[in-house]
Every structure is written in C-alpha cells, then in structure tokens.
Protein chains: 2
Amino acid sequence: MVSIKQIAQHVGVSTATVSNALTGKGRVSADMVDRIRRCADQLGYRPSPAARALKSGQSNILGLVMPDLTNPLFPRIAQSLSIAAEARGLGILIGDSRGDASRQQQAVMRLVDRGVDGLIIVPQKGTSPEAPRHVPTVIINTASDQRTTVSADHVGGGILLGAHIAGLGHNDVILLGGDRISQVQQDRIDGMTQGLGAAVTKHILWGKSAFDQLDRLVSQGATAIMATSDMLALGAHSALMQISLSVPADVSLTGFDDLPLGTAMHPALTTVVQNTQAIAEHSLDVLSCLILDRPAPPLGRVIPMHLVTRHSTAAPRRAANS
Amino acid sequence: MVSIKQIAQHVGVSTATVSNALTGKGRVSADMVDRIRRCADQLGYRPSPAARALKSGQSNILGLVMPDLTNPLFPRIAQSLSIAAEARGLGILIGDSRGDASRQQQAVMRLVDRGVDGLIIVPQKGTSPEAPRHVPTVIINTASDQRTTVSADHVGGGILLGAHIAGLGHNDVILLGGDRISQVQQDRIDGMTQGLGAAVTKHILWGKSAFDQLDRLVSQGATAIMATSDMLALGAHSALMQISLSVPADVSLTGFDDLPLGTAMHPALTTVVQNTQAIAEHSLDVLSCLILDRPAPPLGRVIPMHLVTRHSTAAPRRAANS
DNA sequence: AATGATTAATTAATCGTTTAATCAAATAAG
DNA sequence: CTTATTTGATTAAACGATTAATTAATCATT
C-alpha cells in the first residue's frame, strides 16, 4: 500500500508537508499542494483508517445493535441509518442481539471493543440494554421508554388509526397485540384506544391464540380489527377468511408499519408508516453531538407517523350495538 | 483509556513484557504473566483495535454489500453472516447498494477505504460488481453466475418444488417471476421447469401485471401457480381470492424462501428454504482462506435448498387436460 | 572455575498519520 | 542596515501495540 511517506519521497519533501497539503492544515504553498495532490492520486494513495483512528482516537464507526431481524421493519431502519451515516462519513458495524438480553449485552460489548465511536441500539422488546459509561449511545424504541432519545410516535400512530376507524363509524373494535412484553406494542394499543375514544367498545387480545376468539367476538358485534403490526394483520386476515368473513365488507382491518406485504395482500392494508429516514437522521444528529461532546442535543424527540389509507377499512355494514 | 503502557508502569516492567504476557508470545515467567493479567483486568484494559490494525495490517473487519433490503431474505443472510463472523472474531461493516449498480460500486469503494480485510457482496439483480484487485471478495448470488463462489441451489430448489407439484398430479402450471433481469429468479424458473418435467404444460409470466392473466389461464385449465418468491405468491393468492378461487382447492400455490409471511397467511405456504446459515459459514470459510492467502478454497460451492410442504398445495380437483 | 546454553527481561524500531515546536529564508517595518 | 514578522518548510514526538535484536542473569556442563 502507498503511504504518505512514499509521496514525500517522490515529491522530495517531508511527510509533514504531505499531510498538511492533503488535509489542508498548516502552511503549504499553493503549488506545493498541487504537486502533492497530483502525486497522491497518481500513486493511488488512500489514507490508512487504522493510522488515523490510532492518532485521532476516533474510528468514525458506529455500532448498530438490532434485535432479531425477522421483523422486516428493522432492516428498513438499518438501511436508513446506513444511508444517513454514510452522508456523515461514518461507517456502521452491525451487532446481532438475537434472542435474549444477555446476547444483546454481549453484542454491545463486542462493538465497543472494536472501537466504535458510538452506539445505536434498538432494544429487544422488554429489555434495558446498558452501554458502558463512556460510550455515547442512542436508543431507538418508543417515547414511553424513559431512556429513549429517539423514536417513532407509536402512540400517535395508534391515535391516527383509532380516529380513522372511529370516524368510519365503528363502535365495537378488537385490538390485537403480538406480545404484551413489548413496550412499543403497548404504546400502539394505548394510542389506538385513545384514538377510538371512550364511546367505542374495545376488546384487547394478545398473541396468536387470539385468532381463535375472532369468530365469537365478530358474531357478537365487533366490526373492526386493529393489529399492532402488518404481519399480525395478515394473520388475522387469514383467520377471518377461514370463517368466511370478508375484509372490509364484514370486518375492517388495520396494521402497523407499512410492510411490503401490506400491498401484496388483498385488500391492500390500511396502516401507519414511520419515517425511518427522519428517525435515522435525528438519531445520528444526537449521536454526533454526544460524540463531539457538544451541548444540549435535543433529547426525547418523537417522530410522527403517517396514516396510509388503503382498502382494508370501510364503514361497518350496519351499526352493531347502538 | 488504559493502554499497555500504564500496565507496564503499574507492574514496573516494559511494555514489551506486558504485550508478550497478554498475547502469550515471547518469554515471560509464569508469575509475571499472572501479575500482568491481574493488573490488566483490574485496570479494565482493552486492547486498541486501531493500534493492532495499524501494526498487523489487518482490521478483522469484513464489508457486506447488500441490495435494497425490502426483500426480507437479505436481512436473514445478513444475520447469518453476522453470527458466523462473530464466531470467527470478525466484525461486519455494512454497505447499502440501494438501487443502481453505480451506488453498489460506490459502496464497495467506501468499504475498501475503511480498510476491510475482505468483501461479501450480494449483487443487485443483473449487475456485476467489481472489487479492487487486491481485496479478497466472495459473491453470493446463484450458481449460474460465473463469478459466484457461494450460493443457494436455486435451480435445485425449483426442481424440488416442480417435482412436488408434478407428483401431486398437476399438468398445467403457471410459473410466476417477479423480474426477469434477476438471474436468481431465472434459475428458479428453470429449476421449476425441469422439476415439472416435459409432460406438464407451463405458462411463464413476469411481473405484477401477470396477475391479470391468472383468471384466463386458470379457466383454461391451469391448476397450480408457482411463484419465484413468497411475496409474489401472496400477491397471487390475493389475486385468486378476488376471482373467488380458493387455495389449494381450486389452485395450488408455491413460493420461495420461506419468509415469515408464509406462515402468517392461510393456507400456510408450501415453499423452499435456503440454508442461510450454511451459506454464511461457507462464504466466510472461503473468504478467510482468500484473506490468509491459503491455497485452494473450495470454489463454486452450492448449498442445497429444502422443501417445506404446507397447506397451499394439494392434488388438483380433477385432471384438467389429459 | 570457566564456558556455553537457557531463561527472562529490556531496547528500540515499526506500522501510517498528525501536530506542536522549530528553523531558515524571505519580506516588511523601523 | 538592523530588527520584526511572515511564510514555507522540517524535525521529532506521539497514538498503542507488536516484535526482532539485545542484554543480563540464572543454570548446567565439562
């Protein structure tokens, strides 16, 4: 590999001058800069990241810890972060926390040992990851998580959906959660509850076993099902079809997150999107400030979600119990 | 941060001795090793990756370039790679090639500039990424791609599915591809064609507009639809339901890749899984050899796929045209 | 007891880059 | 014409770890 030393030799100056010329610091005459630049890219010089990291104490690399990636939302966040990081000249080292909290902790440690400048953690549901004191960290979870610096407004998203469903005239609704240990899902349920308003009857069910109760509840008058994720909504849709109920004619259905499958299924799913781009940008803004020890990064910011109305929701066939 | 130098000072020896004691090289007395070890973890010493990388010329970091992550299979590969890499003491730096070939090329360059020891590239469909001469690279694509060192056996997977469908007695089948530019999908189609055998009538359709033709082809006698991905299969399923055809009673349906949505939908999708774990392991084996300049890494290996029979396939209602 | 072999530690150089301190030459000011 | 000041470069140290070469001390051998 060609180093600054070789350039120095070629041009006949000291390495310090080469460094100064290339980084634009110190005093170097204009035409010397020119000669050095020319020589550098003629020789195909690429600065050594290791040497820079060693000298500066900064790797320009961030660690990203993600939960099990089966949920297609996480890759989207990862991608947004990757794009945003790249724009800031930062690299992203991935760490998988697959499964339990202890592995998550291990992943954090490994990344720190690799010399990352900062960490972005999307916690396992129900866990509280801890980063070493001296490593700047941003946690992306949900607003009601006290430690969180950045998150989508899951409650707000729920409100949007709830208001939409209530606005269509539904007044007996099933709320479907996947795992009650997840604070995100709790917040979504809370939001939906708020959005629906006090007048609407609500049945909150958790887990896949809930599918079995759909039949009974619908026959007792429920006219809409609101799931805490698109995937769950797909499952509910399948369950409904088994008992010959159609969406949205018999039952309206909503999801969360706007996954690709939401447009692949029929009817296309009414759902709520989070602006992963904005979350990524803001996470990095905060993290950059923390790393540079800059004052008062705007903490606890919440990124609004947006309603995507498609064809899985409609007015109820007739008012059920009122 | 605590360095080797501070330990040396504490214990009252030279840094060389500390280094030797900690790495187990050179000559150090047993109890000196003990004292140094003790002091090291009392002070909370963590070796500097930057310094090591500078001295050794190896970063122990691999670059992973992935196409647009909307396809949920890629995260799964990323996760498998991440786990396999970790077991080998390697880190993974991600690069997003979102969209076009030129960005993919940029992503490769950026990773190389960050000093990765090697690259793993999952190419954009229809592109030929190039890594700089001196950077060991493994490409994960499909066996018919000449440059590829590792891949799932997409043709074999297709054969498995084709044989399964033919074995059930179907003899008029629709093959559904998403994008004909993708070599992977071409191979899958080829495999399915082979697996079905010469006696079966095949209609090959590409793209989402193909959904419109399903009605006609089925009424003309087609009894099964085989898609090149689970997502596409979900789309087909929705299209079928719109024209009141049920799966598998009226039409059998198969996918590819065993995505989570395959079990969320009803009936659960018959599909084919790739062993991402094995692909990851083998990729890293090959890459490690290339990096260490070891001889003859087993090239062009193909990892078999496995059939997952669920409830979206059944014997045709009655033999259509024979 | 003198020589050689072995053991345990140290010295010093190195990886590639940055940067504070220094220096010589040229220019400006008195 | 001497004294400041500015300019453009160099020297040398530093970042943290590794390692070949070296030295000093211990032990065994004849």
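Chain letters run A, B, ... following the sequence lines, proteins first and then strands; every chain starts at 1.
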(message) Counting the atoms with a prime plus P, OP1 and OP2 as sugar-phosphate, which does Val13(B) contact under 4.0 Å by heavy atoms, base, sugar-phosphate, or nothing?
(response) sugar-phosphate
(message) Rounding to an integer number of Å, can you tell me how far Ile4(B) CD1 sits from dT18(D) C1'?
(response) 8 Å
(request) State whether the side chain of Gln185(A) and the backbone N or O of Asp179(A) hold a donor-acceptor pair below 3.5 Å, judged by distance alone. (result) yes
(message) Using the side-chain heavy atoms of Thr15(A), tell me which of these nucleotides is nearest: dG16(D), dT19(D), dT18(C).
(response) dT18(C)
(request) Look at the side chain of Arg27(A) and decide which nucleotide, out of dT10(D), dT18(D), dT7(D), has an atom nearest to it. (result) dT7(D)
(request) Go through the steps to decide whether Glu281(A) and Arg88(A) satisfy the test salt bridge (Lys or Arg N to Asp or Glu O under 4.0 Å), and finish with yes or no. (result) CA-CA 10 Å; Glu281(A) 296 282 353; Arg88(A) 289 166 168 77; 3.2 Å; yes
(request) Taking Gln104(A) for its side chain and Gln124(A) for its backbone only, find out whether a donor-acceptor pair lies under 3.5 Å. (result) yes
(message) Without decimals, in angstroms, what is the distance between Met32(B) CE and dT26(D) C1'?
(response) 16 Å
(request) Please check the phosphate of dG16(D) (OP1 and OP2 only) for any side-chain N or O of Ser48(B) closer than 4.0 Å. (result) no
(message) Can you identify which nucleotide, out of dT10(C), dT17(C), dA9(D), has its nearest atom closest to the Val28(A) side chain?
(response) dA9(D)
(request) Pick base, sugar-phosphate or nothing for Met1(A), based on heavy-atom distances below 4.0 Å to the nucleic acid. (result) nothing
(request) Please state how far atom CG in Asp34(B) lies from atom C1' in dA8(C), giving the value in whole angstrom units. (result) 16 Å
(message) Rounded to the nearest 0.5 Å, what separates atom OG in Ser48(A) from atom NZ in Lys55(A)?
(response) 13.5 Å
(request) Output yes when at least one side-chain N/O atom of Lys5(B) is less than 4.0 Å from OP1 or OP2 of dA14(D), else no. (result) no
(message) Of the options dA9(C), dG16(C), dG16(D), whose atoms approach the side-chain atoms of Ser3(A) most closely?
(response) dG16(C)
(request) Check whether any side-chain nitrogen or oxygen of Ser19(A) sits under 4.0 Å from OP1 or OP2 of dT17(C), and answer yes or no. (result) no
(message) Can you measure Asn20(A) atom CG to dG8(D) atom P for me and round it to whole angstrom units?
(response) 12 Å
(message) Please pick, from dA17(D), dA12(D), dT17(C), the nucleotide with the shortest atom-to-atom distance to any side-chain atom of Ala16(A).
(response) dA12(D)
(request) Nearest whole angstrom, please: distance from the P of dT7(D) to the CG of Asp31(A). (result) 16 Å
(message) Rounding to an integer number of Å, can you tell me how far Asp113(A) CG sits from dG16(D) C1'?
(response) 15 Å
(message) Can you work out whether Ser56(B) or Val18(B) has the more 5'-proximal nearest nucleotide on DNA chain C?
(response) Val18(B)
(request) Considering just the side-chain nitrogens and oxygens of Arg52(A), establish if one lies under 4.0 Å of OP1 or OP2 belonging to dT18(C). (result) yes
(request) Give the nucleotide from the list dT10(D), dA9(C), dT18(D) with an atom nearest to the side chain of Lys55(B). (result) dT18(D)
(message) Check this one for me: any side-chain N or O of Thr17(B) less than 4.0 Å away from OP1 or OP2 of dT10(C)?
(response) yes
(request) Count the heavy atoms belonging to other residues, nucleotides or ligands that lie under 6.0 Å from CZ of Arg46(A), then report whether that count exceeds 12. (result) no
(message) From C-beta outward on Leu54(B), which listed nucleotide comes closest to its side chain: dA8(C), dG16(D), dG8(D)?
(response) dG16(D)
(request) Please say whether more than 12 non-hydrogen atoms of neighbouring residues, nucleotides or ligands are located less than 6.0 Å from CD in Glu130(A). (result) no
(request) Could you check which of dA17(D), dT10(D), dG16(D) has an atom nearest any side-chain atom of Tyr45(B)? (result) dA17(D)
(message) Just to be sure I understand the rule, does Ser29(A) reach a base, reach only the sugar-phosphate, or reach nothing, if contact means heavy atoms closer than 4.0 Å?
(response) sugar-phosphate
(request) Indicate, with a heavy-atom threshold strictly under 4.0 Å, whether Thr23(B) touches base, sugar-phosphate, or nothing. (result) sugar-phosphate
